[in-house]
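The block underneath contains the structure these notes are about, expressed in structure tokens.
Just so it is clear, the model here is predicted, and its values are computed rather than measured.
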Amino acid sequence: MSFPYTLITLVFLSMLPVTMIVPVVKDIVKDRLSGGNFEVAYFTSIPMLGSFLFAPIAGIISDKFQNRKYFIAAFCFLDAFLFYSLTRVQDLNLFLFIRFLEGASHIFIIGLLLSSAADQENDPANKRYYGKGVLMGITGMFLSLGGAFGMPLGVLGRQNPLLPFYVGSGILVFVGIAALLMLRDKGLHKQKDFSFLALKNAVIENPYLFVPFLFNFIDRFTVGFIISSLNLHLRETLGLHPGILGVFLGLVLFPMSLLSYPSAVLSRKTGVLPLVLIGSSMYGIFLGLSGTTSNFWLLFTYLLLCGIGAGVMFVPSMMLASKMSKPGLTATTMSAFTGIGSLGFMLGPIVSVNMQSFLVGIVPEGIAFPALSFFFGFLEILLVLLTIPFFKKILKKIESTENERTEITLANF
């Protein structure tokens, strides 16, 4: 089977608009629309509410109709329209409502692109990729690489903060056309009678499926802190302009991108769960330290090491979800996985901004932000500690699910 170049390219391009606008959030929300820190938090949170609510719908529809590309294309065009609409409105409430709809449409794109990769990775008939972690590793690498390249592109908004929105809209139109013309649905696991009860029973049968869901929730929850409170800290307290800010935030995403494929390959020997635990611990430690310094190079180092930890655990956490997915529910599981992450991303900015406001009122000014940073880093470490006692049981469940998938495939031959 040929390598899915189109798929991974679309994954990369679809992420550019998401992070391209992060460095200009302050310019748009606070300067252009006269909002405050809470509105900045809402801007980064509310699309995740849309993602969380609509992610299960994306997976269910795709599993039911056995189609990926037409849904991906349609929602690319819708997302492009909504991106452009954000540049036209002046009312902050309408602006945030459109942002909600944009998040809802984008989760269809990302969730179903990931499902397309998972279909091929989990198909025993696909001898090139099945069980090797290669395709999910490369897909995860290009997913995060798209986000990493998008951050520095925020420099486009240094003179005109609306320009990243225009460029992002154009990229999404291109992705939609390319998906429609070039993307091929392959290896979908068919299940004629899908129901919410089937999904509920799958979770009851395999409660350890909550483990990758929780890791993705906390990961995205902490990212919510990075793109809201840390973002504003770097812009307003340390005085970085959008271009340099994009580079600093990209320090988390670039190592994550470059290490995605190696971590997927390494998982063949170590298994996915150890990498999730090790990477999450490293990510949490250096995320906590990142708020403790104003020194340029020390902050650079902390964020870089934070990104390396993220790179070690990012793709293995996706692989953990896909490997424990019940046969026939791949798209639903992966969409739920991204949806849970969206919930974390939604809550992260709101919690971080409110916590910072609370801490400023009860501790000395110089301690509030470091304490906030330590809190978000510790959440990663705490989840690792809670998972370790169930290590062997999770490994056994992965093995049994993969055996079930193989038996179903052999029975269909």
Is there a donor-acceptor contact under 3.5 Å from the side chain of H241 to the main chain of V155? no

Under a 3.5 Å distance rule, please check whether S357 uses its side chain to pair with a backbone N or O of V353 as donor and acceptor. no

Thinking salt bridges, do D27 and R32 make one under a 4.0 Å N-O criterion? no

In plain terms, say whether R99 and E102 are close enough for a salt bridge, that is, a side-chain N and a carboxylate O under 4.0 Å apart. yes

Between F95 and F43 (judged by ring centroids, cut-off 6.0 Å), do the two rings come close enough to count as a pair? yes

Can you tell me how the ring of F337 sits relative to the ring of F213, calling it parallel under 30°, perpendicular over 60° and tilted otherwise? tilted

Yes or no on ring-ring contact (aromatic ring centres under 6.0 Å, His included) for F225 and F375, after CA distance, side-chain angles and deciding distance? CA-CA 10 Å; F225 157 74; F375 168 77; 9.3 Å; no

How far does [atom1] of [X] sit from [atom2] of [Y], to the nearest 0.5 angstrom?
X	Y	atom1	atom2	answer
F215	I340	CZ	CD1	14.5 Å
Y84	L162	OH	CG	10.0 Å
L386	L382	CG	CG	4.5 Å

Quick one, M20 with M15, criterion side-chain contact (heavy atoms from CB on, under 4.5 Å). Give me CA distance, side-chain angles, the key distance, then yes/no. CA-CA 9 Å; M20 189 184 299; M15 283 301 298; over 6 Å; no

Looking just at side-chain N and O atoms, do Y283 and T222 make a donor-acceptor pair shorter than 3.5 Å? yes

Any luck finding a side-chain donor-acceptor pair between S352 and S228 under 3.5 Å? yes

